[in-house]
Amino acid sequence: MNLRAPRGTRDILPPASEVWDFVESRIKEIYKKRNFKEIRTPLFEDTELFVRGVGGTTDIVEKEMYTFNDKGGRSITLRPEGTAPVVRAYLEHKLFGQSQPFKLYYFGPMFRYERPQAGRYRQHYQTGVEVIGGDTPFIDAEVITLGIDILREFKMEEWVLHLNSIGCRECRPVYIQELKNFFKKETVCRECSDRIDRNPLRVLDCKNEECAEIKQKAPSIIDFLCPACSEHFSEVQELLGEREIPFSVDPTLVRGLDYYTRTAFEIKTSELGAQDTILGGGRYDGLAEELGGPRAPGIGFGMGLDRFILMLEKKQTELSGSKPLDVYLVAIGDKTVQKESWKRLNLLRQAGFSADMDLLMRSPKNQMKAANRAGARFTVIIGANELEQGVIQLKDMDEGTQVEVEIDQLINALKKKKTGEVN
RNA sequence: GUGGGUGUAGCUCAGUUGGUUAGAGCGCAGGAUUGUGGCUCCUGAGGCCGUGGGUUCAAUUCCCAUCACUCACCCCA
């Protein structure tokens, strides 16, 4: 038996899991403040959804999908990204019939078959948003701003927003033709020469040094945008300026998924390794139609939580993940005392305190040790003597002081101590 | 998919120029006059030295393969 999580996957254990919980709930609050609603879609979908949605010639579909046949012979794929499933759900449930635009957020794992690396996992976690049913530049700016707001909420300043527009159905084909003509005259790396016909935009994405020089001379998409796309793009930039969000226009940013149109963006940080994109997204005005629905333009982003948290840890940002325990109960005596303590434990919890006790029934000394390790603010000591007199010992673990309290007054005494601390 | 590095206790790492019972620190468990934490001291548990094969009288040490981790490429979150 191989007792190891599969390659590229990992367990998130305490105390790390407390950091995750903390980060996720803070982000969720940000979404809620902006009137986004949660959507949960299945972890797997029909393979066809991604082939049609993401695009058959993309890296994701060509080599990164976890695809298998289920017992009914259906081809199933573990979702490699969040947008296609959300748009599928939007169409399936005819959400275009409701008040538009539809603003959704999600949290959850995504799956891609790749070689693991720092900040790259086969099962990784993303949070993201999708705004569907509108194509004004305000929506673009609102979505991008939201991404920045998350970074700022966590006091992260070491990032660069890369922005581009990759045009629409009207203007992009013209540009692509131009690009093909250009590259066919140049000598590019072998991979790129393969790409020229299949997915020419991706040649711009090549990091090969030989190609880099050639790329600089290549025609820029921005010069080929149709009037509508061009206006959209400059308005988005204007609105970002309005919010004082710095960005860098990057004509080589094309993104690896086919569904993108117009606005494309990525936020990179210098604080990770080679896997430095923590947030990426773009507009997808044609996706709904591509999937067989009505026109429903949308825009969204995905943010990598693994990388985000890695970045927070590298920055040693204080993450007050775990909250110390209010009370640890120490039982000293036989079963009668233990049972009484266990009963009191429940009463403490019902009164709203976080409380725990030693369920191994160890020696008083060891129980105190455990209380200390749990970070308990107070210990409540119940022994046979106390039980007889109807009292308990209440010990302040920071001060090291201890007072006797009538057992019925315990909750009140604790409440007083707690509010005393707040004031 | 390609290339480099690594793989000894729960964790961080020593070590064996091939040779009997493989070590430390931290952590964990228990204890230091019978009912009290954090400091100190004592004791203890825990390792088929990643897995499989080869060379050898002998391998945890050498060689090969494999798996995993890690860094980079590719690409992305």
Side-chain angles (χ1 to χ4, degrees), chain A residues 1-10 13 54 58-64 79-83 107-128 147 189-192 194-195 199 202 205-209 211 253-257 264 266-269 272-281 300-311 328-334 337 358 360 362-387 392-402:
Chain A
M1 183 62 204
N2 171 29
L3 284 181
R4 265 187 180 155
R7 181 159 206 208
T9 69
R10 59 182 176 152
L13 307 170
V54 175
T58 59
D59 276 10
I60 288 182
V61 172
E62 276 189 339
K63 47 188 197 191
E64 294 174 3
R79 67 180 185 197
E81 59 98 42
T83 301
F107 286 84
M110 302 295 166
F111 306 86
R112 291 186 202 172
Y113 190 86
E114 297 179 275
R115 288 274 298 255
Q117 199 181 322
R120 185 164 80 190
Y121 302 92
R122 289 183 173 182
Q123 173 173 337
H124 70 277
Y125 296 83
Q126 285 188 29
T127 179
C189 69
R190 209 182 60 215
E191 235 176 305
C192 283
D194 283 347
R195 280 201 281 230
N199 205 335
R202 298 289 301 290
D205 224 15
C206 181
K207 271 94 185 170
N208 197 315
E209 279 184 29
C211 300
L253 171 67
V254 296
R255 311 273 305 143
L257 293 75
E266 277 182 12
I267 296 176
K268 290 176 186 277
T269 171
L272 292 179
Q275 307 306 316
D276 57 356
T277 303
I278 57 172
L279 189 151
F301 68 70
M303 176 172 141
L305 286 171
D306 308 79
R307 288 177 190 178
F308 186 63
I309 288 169
L310 199 64
M311 191 176 161
Y328 199 95
L329 231 148
V330 173
I332 307 173
D334 59 12
V337 180
D358 178 36
L360 297 176
R362 285 179 289 199
S363 71
K365 178 195 178 79
N366 286 316
Q367 293 190 51
M368 290 303 292
K369 233 177 184 173
N372 191 54
R373 275 194 286 233
R377 184 70 188 78
F378 299 99
T379 46
V380 167
I381 300 153
I382 306 181
N385 301 341
E386 281 81 3
L387 203 55
I392 54 88
Q393 306 294 332
L394 179 58
K395 180 164 185 176
D396 184 316
M397 294 297 273
D398 291 345
E399 311 277 328
T401 54
Q402 184 170 315

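In what follows, every chain begins at residue 1, and chains take the letters A, B, ... in the order their sequences are listed. All heavy atoms count here, side chains included; hydrogens, waters and symmetry mates do not.
Comparing the C1' positions of B:A72 and B:C57 gives an interatomic distance of 45 Å, to the nearest angstrom. Using P as the reference atom, B:C69 and B:C26 are 31 Å apart when rounded to the nearest Å. Here, B:C42 and B:U6 have their C1' atoms 38 Å apart, quoted to the whole Å. Between B:G4 and B:C74, the distance separating the two C1' atoms is 16 Å to the nearest Å. To the nearest whole angstrom, the two P atoms, one in B:A77 and one in B:U61, are 43 Å apart.
The local environment of OH in A:Tyr113 is sparse, with at most 12 non-hydrogen atoms from other residues, nucleotides or ligands closer than 6.0 Å.
Here the side chain of A:Arg307 pairs a donor or acceptor atom with the backbone of A:Thr277 at under 3.5 angstrom. Formation of a donor-acceptor pair under 3.5 Å by the A:Asp334 side chain with backbone atoms of A:Val337 is found in this model. No donor-acceptor distance shorter than 3.5 angstrom exists from the side chain of A:Arg122 to the backbone of A:Thr9, with no hydrogens or angles considered. Panel note: side chain A:Asp306, backbone A:Tyr125; a donor-acceptor pair is recorded below 3.5 Å.
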Restricting to nitrogen or oxygen on both sides, can you table the protein-nucleotides 6-8 of chain B pairs closer than 3.5 Å?
none

Between the protein and nucleotides 36-47 of chain B, list every N/O to N/O distance that falls short of 3.5 Å.
unit_1 : atom_1 : unit_2   : atom_2 : d
B:U36  : O2     : A:Lys395 : NZ     : 3.4
B:U36  : O2     : A:Gln402 : OE1    : 3.4
B:U36  : N3     : A:Gln402 : OE1    : 2.9
B:U36  : N3     : A:Gln402 : NE2    : 3.3
B:U36  : O4     : A:Gln402 : NE2    : 2.7
B:G37  : O2'    : A:Asn372 : ND2    : 3.4
B:G37  : N7     : A:Lys395 : NZ     : 3.1
B:G37  : O6     : A:Met397 : O      : 3.4
B:G37  : N1     : A:Met397 : O      : 2.4
B:G37  : N2     : A:Asn372 : OD1    : 2.7
B:G37  : N2     : A:Met397 : O      : 3.1
B:G37  : N3     : A:Asn372 : OD1    : 3.0
B:G38  : O4'    : A:Asn372 : ND2    : 3.2
B:G38  : N2     : A:Met397 : O      : 3.4

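Considering only residues two or more places apart in sequence or on other chains, A:Tyr121 meets the ring pair (Phe, Tyr, Trp, His ring centres under 6.0 Å) condition with none of them. Shown here are the side chain to side chain donor-acceptor pair (under 3.5 Å) partners of A:Arg79, two or more places apart in sequence or in another chain: A:Thr41. In this view, A:Ile332 and A:Val330, A:Pro364, A:Ile381 satisfy the side chain to side chain contact (heavy atoms under 4.5 Å, CB included) rule, not counting sequence neighbours. By the side chain to side chain donor-acceptor pair (under 3.5 Å) test, A:Arg362 is found to be paired with A:Asp358, residues two or more places apart in sequence or in another chain being considered. Looking at residues two or more places apart in sequence or on another chain, you find no ring pair (Phe, Tyr, Trp, His ring centres under 6.0 Å) involving A:Phe111. In this structure, the side chain to side chain donor-acceptor pair (under 3.5 Å) partners of A:Gln402, at least two apart in sequence or on a different chain, are A:Gln393. In this structure, the side chain to side chain donor-acceptor pair (under 3.5 Å) partners of A:Gln126, at least two apart in sequence or on a different chain, are A:His124. Remark: A:Leu310 pairs with A:Leu272, A:Glu313 by the side chain to side chain contact (heavy atoms under 4.5 Å, CB included) rule, at least two apart or across chains.
Across all strands shown, A:Gln275 has heavy atoms under 4.0 Å from base atoms, whether or not it also approaches the sugar-phosphate. Within 4.0 Å of A:Gly128, counting heavy atoms only, lies no atom of the nucleic acid at all. Counting non-hydrogen atoms under 4.0 angstrom, A:Gly8 reaches the backbone sugars and phosphates but no base. In this structure, A:Tyr121 reaches the bases: a heavy-atom distance under 4.0 Å links it to at least one base atom across the strands shown. Using a 4.0 Å heavy-atom cutoff across all strands shown, A:Ile60 reaches no nucleic acid atom at all.
One distance of note links CD1 of A:Ile392 with OG1 of A:Thr379; it measures 9.0 Å at 0.5 Å rounding. Separation of atoms CD (A:Gln123) and CZ (A:Arg7) is listed at 15.5 Å; rounding is to 0.5 Å.
Residues from residues 107-114 of chain A with heavy atoms under 4.0 angstrom of RNA chain B, sorted by number: A:Arg112, A:Glu114.
Between the CD atom of A:Gln117 and the C1' atom of B:G4 there is a distance of 13 Å, given to the nearest Å.
Residue A:Arg120 places a side-chain atom within donor-acceptor reach of the base of B:C74, judged by atom type and a 3.5 Å distance cut-off alone. The base of B:C76 does not come close enough to the side chain of A:Arg255 for any donor and acceptor atom to sit less than 3.5 Å apart.
If you check B:C73, B:C76, B:U2 against the side chain of A:Arg115, the one that comes closest is B:U2.
With the nearest nucleotide of RNA chain B identified for both A:Glu81 and A:Ala274, A:Ala274 has the one nearer the 5' end. Across the interface with RNA chain B, nearest-nucleotide mapping of A:Asn385 and A:Glu64 shows A:Asn385 to be the residue nearer the 5′ end.
In RNA chain B, runs of at least 3 consecutive Watson-Crick or G-U pairs, each pair with both distances below 3.5 Å, span B:1-7 with B:67-73, B:10-13 with B:23-26, B:28-32 with B:40-44, B:50-54 with B:62-66.
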